[in-house]
There are 2 protein chains.
Amino acid sequence: MRPREFDHDDVLRIAFDQFWRKGVRGTSLSDIARDAGVQRGSLYNAFGSKEALFLQAYERYAGDYLLALQKALGTGSLRKRLTAFFDLTITNFRSGSPPRGCPTTRGLMELGAAEGEGLDEAARQAFASLVSRITALVQDTLSAAAKRGEFNGNPAAAALHIITVTRGLAVLERAYGDEVQLRKIASHTIDLVLDKKGS
Amino acid sequence: MRPREFDHDDVLRIAFDQFWRKGVRGTSLSDIARDAGVQRGSLYNAFGSKEALFLQAYERYAGDYLLALQKALGTGSLRKRLTAFFDLTITNFRSGSPPRGCPTTRGLMELGAAEGEGLDEAARQAFASLVSRITALVQDTLSAAAKRGEFNGNPAAAALHIITVTRGLAVLERAYGDEVQLRKIASHTIDLVLDKKGS
DNA sequence: AAAGTATTTGACACAGCGTCAAGAACGTGG
DNA sequence: CCACGTTCTTGACGCTGTGTCAAATACTTT
């Protein structure tokens, strides 16, 4: 076999950076090829298609991001954990200059569009999967807190609510780009969730 | 002057339908031209560019949608008003088959991508403007309810929170397509907002 | 009726996606 | 140590989509 002349992971990282900055549809394989110092055809040979390349690059990101969230949710009082969770979420949206937004949310709204195309469906599942795993993480944190008497609401409902708010924050970030506003909403949400009385 | 051979508003409606179903980047002017029975060049002559056409079509939708929301928020107890508001929001996401999602949220995440292109910025403002106007509508409703003693929270913060949740619902809709789940989240949100004690 | 003006039409240039055949580089078996 | 086969690379091609332009067209106005 002839060995590959470029590093698979390097290309994935470079590609995801472009996808993140310019959107999936807004990034051309020529851009990635130029940035990575690789011929366009080689990308097709190695990854098959633009969407397949994106998916691999996204999975890479998703794994890293999930680990970071897990860490953020792992220490301190429930309020501290949730605050760290929202902090990391917002910091992620606002990373880069200009800020790149939430790749999951952007991908979902961008690719969840086409009707009936096979690969878009695979992408949708990848996005949905990360959202589900984050929801589970939050729910576990709430359940554990409930056992310790730190939380007296419904963990499943509250986790879903929190996830919904984070997705909404990703949208407002694109609309206004106002980080202070995002943090206010996050803080208000934590108050709402923790102050809730029964059920 | 030679008169135009097609109806301006018809084209806007047909175009928006396509944009809504297939996304802005996923819709070609050829698609719209075919659907509208118009030559592609005529669209450029009449609207200037794809984005300009989309913007006009979107403004048309935004006006109609805002009116409907205003109506939904106009009658009954605060809980009834908010329920009607979320109902209309979710119904809007779920309209069409397959469901088309929220055009504003999809547009924001899809077009808010490119860095520094002029027309994308105009689109971003159009989306942000509708979001702002809806927020104002909700806030006014809450303020009025507060004066009647029906609500004792902070109208501005609560309105922002509600808007954030609706944007999050738009994202979850694309991720899971589960309308029942969306309605549960909405109902839970109303509970949270109305049960909140001080501040 | 003739002139003027806006619209339509079709051709063009350009960029992006994806495919293909041909060439190149490396490991492996004789 | 050399020839073979496998895999990667390269460049050309077809297709679709965006946007531009000049020429042709059809209507209104004088």
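It should be emphasised that the depicted structure is a prediction, and the values quoted were computed from it without experimental measurement. Just so it is clear: chains get the letters A, B, ... in the order the sequence lines come, proteins before strands, and each one is counted from 1.
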Show which side-chain atoms of residues 60-76 of chain A pair as donor or acceptor with protein atoms under 3.5 Å away, not counting sequence neighbours.
{"residue": "A:Arg60", "atom": "NH2", "partner": "A:Asp9", "partner atom": "OD2", "Å": "2.9"}
{"residue": "A:Tyr61", "atom": "OH", "partner": "A:Asn92", "partner atom": "ND2", "Å": "2.9"}

Donor-acceptor pairs are to be reported for all side-chain atoms of residues 138-146 of chain B against protein atoms at under 3.5 Å, with residues two or more places apart or in another chain.
{"residue": "B:Thr141", "atom": "OG1", "partner": "B:Leu137", "partner atom": "O", "Å": "2.9"}
{"residue": "B:Ser143", "atom": "OG", "partner": "B:Gln139", "partner atom": "O", "Å": "3.0"}

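If you find the closest nucleotide of DNA chain D to B:Glu5 and to B:Arg34, the one lying nearer the 5' end belongs to B:Arg34.
Mapping heavy-atom proximity under 4.0 Å, the span of DNA chain D touched by chain A runs 5' to 3' from D:dT6 to D:dG11.
Distances from the side chain of B:Gln39 to the nucleotides C:dC17, C:dT9, C:dC12 place C:dT9 closest.
Whole-Å rounding puts the B:Phe47 CZ to C:dT8 P distance at 10 Å. Put simply, CG on A:Asn45 is 14 Å from C1' on C:dG23, counting in whole angstrom units. Between the NE2 atom of B:His8 and the P atom of C:dT7 there is a distance of 10 Å, given to the nearest Å.
Looking at heavy-atom distances under 4.0 Å, B:Ser42 makes contact with a base.
Applying the salt bridge (charged side-chain N to carboxylate O under 4.0 Å, His left out) rule to pairs touching residues 33-42 of chain B yields B:Asp31-B:Arg34, sequence neighbours excluded.
Shown here are the ring-ring contact (aromatic ring centres under 6.0 Å, His included) partners of B:Phe19, two or more places apart in sequence or in another chain: B:Phe54. Scanning for salt bridge (charged side-chain N to carboxylate O under 4.0 Å, His left out) contacts around B:Arg79 gives B:Asp191, with sequence neighbours left out.
Under the 4.5 Å side-chain criterion, counting only non-hydrogen atoms from C-beta, A:Lys80 is not in contact with A:Thr83.
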